[in-house]
Amino acid sequence: QVQLVESGGGMVQPGGSLRLSCAASGSIFSIYAMGWYRQAPGKQRELVAAITTVGSTKYVESVKGRFTISRDNAKNTVYLQMNSLKPEDTAVYYCNADPPSLTFDYWGQGTQVTVSS
């Protein structure tokens, strides 16, 4: 029932910026904690940023000060603003939704972010 659709990925030079968007449908967005994960080839998927239903945020240390997660409940959308991008940020980025009382998560299809000169 729940679908997550990411957009905004692409290729940028080091130091550039991208904004990822994740649009949710099929559920009550405002009661879901949301997050962005990323996975590079040969590496484990990691949590990049998360935001609670009331707007509290957390980030993996490597992106602090550069990335900002936000949500617009009226639009059922979560964003990841990525500034000062580095080659090591290159990965497929996935949107994640955590239902409030269930033991599984919903995942988007992923969007590729490539940072290269």
Side-chain angles (χ1 to χ4, degrees):
Q1 294 182 359
V2 174
Q3 291 185 311
L4 304 174
V5 180
E6 300 103 329
S7 62
M11 179 178 291
V12 297
Q13 295 184 358
S17 298
L18 286 173
R19 189 180 75 158
L20 306 183
S21 299
C22 174
S25 63
S27 187
I28 304 175
F29 179 82
S30 63
I31 66 173
Y32 284 68
M34 303 292 295
W36 286 97
Y37 289 72
R38 68 185 180 188
Q39 187 168 24
K43 294 187 176 181
Q44 185 177 358
R45 186 176 298 186
E46 68 172 349
L47 176 65
V48 178
I51 185 167
T52 71
T53 57
V54 295
S56 298
T57 60
K58 63 180 179 181
Y59 303 90
V60 67
E61 186 68 27
S62 61
V63 309
K64 287 182 178 178
R66 300 188 298 120
F67 290 11
T68 302
I69 187 171
S70 62
R71 66 191 297 159
D72 186 339
N73 289 341
K75 297 182 178 180
N76 287 356
T77 302
V78 63
Y79 305 95
L80 185 67
Q81 178 67 46
M82 304 185 294
N83 298 326
S84 302
L85 283 162
K86 304 176 180 180
E88 51 263 44
D89 296 318
T90 296
V92 178
Y93 284 70
Y94 297 91
C95 182
N96 169 267
D98 179 19
S101 301
L102 299 177
T103 59
F104 61 89
D105 292 356
Y106 294 101
W107 294 90
Q109 81 286 352
T111 185
Q112 177 71 46
V113 172
T114 301
V115 185
S116 176
S117 60

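Positions are given from 1 along the sequence. Every value quoted in this text rests on a predicted model; they were computed, and no experiment measured them.
With sequence neighbours left out, the side-chain contact (heavy atoms from CB on, under 4.5 Å) criterion links T68 to Y59, Q81.
A donor-acceptor contact shorter than 3.5 Å links the side chain of T90 to the backbone of V115. At least one donor-acceptor pair closer than 3.5 Å links the side chain of E6 to the backbone N or O of G110.
Following chains of ILVMFWY side-chain contacts shorter than 4.5 Å, one can reach V12 starting from L80, so the two form part of one hydrophobic cluster. No chain of hydrophobic side-chain contacts below 4.5 Å, direct or via other Ile, Leu, Val, Met, Phe, Trp or Tyr residues, connects Y37 to V113. Put simply, I51 and V60 are part of the same group of oily side chains (I, L, V, M, F, W, Y) that touch within less than 4.5 Å, one to the next. In the hydrophobic clustering of this structure, I31 groups with V2; members are Ile, Leu, Val, Met, Phe, Trp, Tyr whose side-chain heavy atoms approach within less than 4.5 Å, directly or through other members. W107 and V48 end up in different hydrophobic clusters when Ile, Leu, Val, Met, Phe, Trp and Tyr side chains are linked at under 4.5 Å.
Between K64 and E61, the closest heavy-atom pair is NZ-OE1, 3.1 Å. Between D98 and L102, the closest heavy-atom pair is OD1-O, 4.4 Å. The minimum heavy-atom distance linking G35 with I69 is given by the pair CA-CD1, 4.3 Å. The shortest heavy-atom contact between A97 and Y32 is CB-CD2, 3.7 Å. Pairing each heavy atom of L47 with each of K58, the nearest pair is CD2-CE, 4.0 Å.
In summary, of the residues considered (S84, P87, S116), a side-chain contact (heavy atoms from CB on, under 4.5 Å) with P14 occurs for P87 alone.
Here S62 contributes atom OG and K86 contributes atom NZ; the two are 8.0 Å apart, rounded to the nearest 0.5 Å. Here C22 contributes atom SG and N76 contributes atom CG; the two are 10.0 Å apart, rounded to the nearest 0.5 Å. Taken to the nearest 0.5 Å, the CG atom of L85 stands 12.5 Å off from the CE atom of M11.
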#### Entry: Working for side-chain contact (heavy atoms from CB on, under 4.5 Å), residues T77 and Y79
CA-CA 7 Å; T77 302; Y79 305 95; 3.5 Å; yes
### Task
Step by step, work out the side-chain contact (heavy atoms from CB on, under 4.5 Å) result for L20 and M82.
CA-CA 8 Å; L20 306 183; M82 304 185 294; 3.7 Å; yes
### Message
Quick one, C95 with W36, criterion side-chain contact (heavy atoms from CB on, under 4.5 Å). Give me CA distance, side-chain angles, the key distance, then yes/no.
### Response
CA-CA 5 Å; C95 182; W36 286 97; 4.1 Å; yes
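No side-chain heavy atom of V78 sits less than 4.5 Å from a side-chain heavy atom of S70.
Counting heavy-atom neighbours within 6.0 Å of Q3 CD, excluding the residue itself, gives a total of 12 or less.
In this structure, R71 is positioned above the aromatic face of F29, its NZ or CZ under 6.0 Å from the six-membered ring centre and within 45° of the axis.
Within the structure, salt bridge (charged side-chain N to carboxylate O under 4.0 Å, His left out) contacts touching residues 16-39 (residues at least two apart or in different chains) are R38-E46, R38-D89.
Using cut-offs of 30° and 60° on the angle between ring planes, the pair Y93 and F67 is tilted.
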